[in-house]
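In each ligand, atom 1 is the first atom listed, and ligand 1 is the first ligand listed. All of these numbers come straight from a predicted model, not from anything done at the bench.
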Amino acid sequence: MERTLVILKPDCVRKELIGEVTRRIQDAGFRIRALKMVSLSEKEAEGFYAVHEGKPFFESLIAFMTGGPCVPMVLEKENAVDDFRALIGATDPDEADEGTIRAEFADSIEQNIVHGSDSPENGRREVAYFFPEHEIAAHS
Ligand code: ATP
Ligand code: MG
(Lines give C-alpha, C1' and ligand atoms only; values in the text may rest on other atoms or scores of the structure.)
(Ligands and ions follow the chains in the order given, each with its own letter.)
Protein backbone atom coordinates (compact mmCIF):
# COMPACT_ATOMS: atom_id res chain seq x y z
CA MET A 1 0.00 0.00 0.00
CA GLU A 2 1.35 3.47 -0.87
CA ARG A 3 2.57 5.70 1.96
CA THR A 4 2.87 9.46 2.26
CA LEU A 5 4.58 11.56 4.93
CA VAL A 6 2.37 14.28 6.27
CA ILE A 7 3.22 17.05 8.73
CA LEU A 8 0.60 19.04 10.60
CA LYS A 9 2.67 22.22 10.64
CA PRO A 10 3.20 24.55 13.65
CA ASP A 11 0.32 26.82 12.57
CA CYS A 12 -2.05 23.82 12.62
CA VAL A 13 -0.95 22.94 16.17
CA ARG A 14 -1.06 26.58 17.34
CA LYS A 15 -4.58 27.07 15.99
CA GLU A 16 -5.76 23.90 17.78
CA LEU A 17 -6.69 22.26 14.49
CA ILE A 18 -4.96 18.90 15.04
CA GLY A 19 -8.27 17.13 15.68
CA GLU A 20 -10.19 18.83 12.89
CA VAL A 21 -7.55 18.18 10.24
CA THR A 22 -6.94 14.60 11.40
CA ARG A 23 -10.70 13.91 11.23
CA ARG A 24 -10.76 15.05 7.59
CA ILE A 25 -7.75 12.91 6.78
CA GLN A 26 -9.39 9.81 8.27
CA ASP A 27 -12.76 10.58 6.69
CA ALA A 28 -10.99 10.68 3.33
CA GLY A 29 -9.92 7.05 3.81
CA PHE A 30 -6.30 7.43 4.90
CA ARG A 31 -5.05 5.01 7.57
CA ILE A 32 -2.69 6.49 10.18
CA ARG A 33 0.29 4.15 10.63
CA ALA A 34 2.48 6.45 12.79
CA LEU A 35 2.15 9.83 14.47
CA LYS A 36 4.05 11.96 16.98
CA MET A 37 4.46 15.55 18.13
CA VAL A 38 7.97 16.98 17.75
CA SER A 39 9.75 20.33 17.88
CA LEU A 40 12.09 20.43 14.90
CA SER A 41 15.62 21.76 15.33
CA GLU A 42 16.94 24.10 12.67
CA LYS A 43 19.11 21.28 11.32
CA GLU A 44 16.14 18.91 11.08
CA ALA A 45 13.96 21.48 9.32
CA GLU A 46 16.77 22.45 6.92
CA GLY A 47 17.41 18.80 6.14
CA PHE A 48 13.76 18.10 5.49
CA TYR A 49 13.37 21.11 3.17
CA ALA A 50 16.90 20.91 1.67
CA VAL A 51 15.40 20.99 -1.84
CA HIS A 52 14.33 24.61 -1.18
CA GLU A 53 17.73 25.82 0.06
CA GLY A 54 18.70 29.10 -1.62
CA LYS A 55 15.12 30.10 -2.44
CA PRO A 56 13.99 33.52 -1.15
CA PHE A 57 11.50 32.00 1.29
CA PHE A 58 13.89 29.38 2.73
CA GLU A 59 14.96 31.17 5.93
CA SER A 60 11.44 32.26 6.74
CA LEU A 61 10.20 28.70 6.11
CA ILE A 62 12.78 27.29 8.53
CA ALA A 63 11.82 29.89 11.18
CA PHE A 64 8.16 28.94 10.73
CA MET A 65 8.78 25.18 10.90
CA THR A 66 10.92 25.52 14.04
CA GLY A 67 8.59 28.06 15.70
CA GLY A 68 6.53 25.49 17.57
CA PRO A 69 5.75 21.79 17.71
CA CYS A 70 4.46 19.95 14.66
CA VAL A 71 2.90 16.53 14.08
CA PRO A 72 4.49 14.28 11.46
CA MET A 73 2.47 11.22 10.51
CA VAL A 74 2.67 8.29 8.14
CA LEU A 75 -0.49 7.73 6.11
CA GLU A 76 -1.36 4.73 3.98
CA LYS A 77 -3.89 4.46 1.18
CA GLU A 78 -3.99 3.46 -2.45
CA ASN A 79 -2.63 6.44 -4.39
CA ALA A 80 -1.84 8.11 -1.04
CA VAL A 81 0.55 10.76 -2.39
CA ASP A 82 -1.71 12.23 -5.08
CA ASP A 83 -4.93 11.75 -3.12
CA PHE A 84 -3.47 13.56 -0.12
CA ARG A 85 -2.30 16.50 -2.21
CA ALA A 86 -5.80 16.72 -3.68
CA LEU A 87 -7.26 16.75 -0.15
CA ILE A 88 -5.04 19.66 0.97
CA GLY A 89 -5.13 21.78 -2.20
CA ALA A 90 -2.56 24.13 -3.74
CA THR A 91 0.41 25.50 -1.75
CA ASP A 92 -1.14 29.00 -1.82
CA PRO A 93 -4.52 28.87 -0.04
CA ASP A 94 -5.83 31.58 -2.40
CA GLU A 95 -5.34 29.12 -5.25
CA ALA A 96 -6.53 26.03 -3.40
CA ASP A 97 -9.85 24.49 -4.50
CA GLU A 98 -12.86 25.16 -2.32
CA GLY A 99 -13.31 22.55 0.41
CA THR A 100 -9.62 21.63 0.60
CA ILE A 101 -7.81 21.79 3.93
CA ARG A 102 -5.57 24.67 2.89
CA ALA A 103 -8.44 26.68 1.37
CA GLU A 104 -10.34 26.32 4.60
CA PHE A 105 -7.64 26.75 7.27
CA ALA A 106 -4.40 28.23 5.85
CA ASP A 107 -3.46 31.88 6.36
CA SER A 108 -0.78 32.24 3.68
CA ILE A 109 1.40 30.47 1.12
CA GLU A 110 3.91 29.87 3.92
CA GLN A 111 1.65 29.12 6.87
CA ASN A 112 -0.37 26.53 5.02
CA ILE A 113 -1.28 24.04 7.77
CA VAL A 114 0.00 20.82 6.30
CA HIS A 115 2.77 19.14 4.31
CA GLY A 116 2.31 16.17 2.01
CA SER A 117 4.99 14.26 0.06
CA ASP A 118 5.04 15.09 -3.65
CA SER A 119 5.98 11.64 -5.06
CA PRO A 120 6.00 8.03 -3.82
CA GLU A 121 9.81 8.09 -3.87
CA ASN A 122 9.97 11.28 -1.78
CA GLY A 123 7.27 9.76 0.43
CA ARG A 124 9.55 6.82 1.24
CA ARG A 125 12.50 9.15 1.90
CA GLU A 126 10.44 11.51 4.09
CA VAL A 127 8.81 8.68 6.07
CA ALA A 128 12.31 7.37 6.88
CA TYR A 129 13.41 10.92 7.87
CA PHE A 130 10.95 10.89 10.79
CA PHE A 131 10.13 7.28 11.59
CA PRO A 132 12.26 4.15 11.90
CA GLU A 133 10.35 1.21 10.42
CA HIS A 134 9.64 -0.31 13.87
CA GLU A 135 7.63 2.79 14.84
CA ILE A 136 5.26 2.27 11.91
CA ALA A 137 2.26 0.05 12.61
CA ALA A 138 1.43 -2.68 10.12
CA HIS A 139 -2.30 -2.36 10.90
CA SER A 140 -4.49 0.04 12.84
P1 ATP B 1 4.85 21.06 1.26
O2 ATP B 1 6.18 20.58 0.65
O3 ATP B 1 5.04 21.76 2.60
O4 ATP B 1 3.82 19.97 1.28
P5 ATP B 1 4.13 22.17 -1.26
O6 ATP B 1 4.71 20.93 -1.84
O7 ATP B 1 2.72 22.52 -1.60
O8 ATP B 1 4.25 22.17 0.31
P9 ATP B 1 6.63 23.46 -1.84
O10 ATP B 1 6.86 24.18 -3.12
O11 ATP B 1 7.25 22.14 -1.63
O12 ATP B 1 5.04 23.40 -1.62
O13 ATP B 1 7.06 24.46 -0.67
C14 ATP B 1 7.32 23.96 0.64
C15 ATP B 1 6.75 24.93 1.64
O16 ATP B 1 7.48 26.15 1.58
C17 ATP B 1 5.30 25.37 1.38
O18 ATP B 1 4.35 24.46 1.87
C19 ATP B 1 5.26 26.66 2.15
O20 ATP B 1 5.15 26.45 3.55
C21 ATP B 1 6.62 27.26 1.82
N22 ATP B 1 6.58 28.07 0.59
C23 ATP B 1 6.53 27.64 -0.69
N24 ATP B 1 6.52 28.64 -1.57
C25 ATP B 1 6.57 29.77 -0.82
C26 ATP B 1 6.59 31.17 -1.12
N27 ATP B 1 6.56 31.61 -2.38
N28 ATP B 1 6.62 32.04 -0.08
C29 ATP B 1 6.66 31.61 1.21
N30 ATP B 1 6.65 30.30 1.56
C31 ATP B 1 6.60 29.39 0.57
MG1 MG C 1 6.64 20.18 -1.32
Distance under 6.0 Å and angle within 45° of ring axis: K36 vs F131: yes

I101 vs I113 side-chain heavy atoms within contact, under 4.5 Å: yes

Let me check something: any side-chain donor-acceptor pairs from residues 44-51 under 3.5 Å, sequence neighbours excluded? List them with distances.
residue	atom	partner	partner atom	Å
E44	OE1	S41	N	2.8
E44	OE1	S41	OG	3.3
Y49	OH	K9	NZ	3.4

Transitive ILVMFWY cluster of M1, excluding itself - 4.5 Å side-chain cut-off: none

Pairs meeting criterion side chain to side chain donor-acceptor pair (under 3.5 Å) with involvement of residues 57-71, two or more places apart: S60-E110

Protein residues that have a heavy atom under 4.0 Å from any atom of ligand 1, sorted by chain and number: K9, Y49, H52, F57, L61, R85, T91, R102, I109, E110, N112, H115, G116

Where V38 and P72 come nearest, the two heavy atoms and their spacing: CG2-CD, 3.7 Å

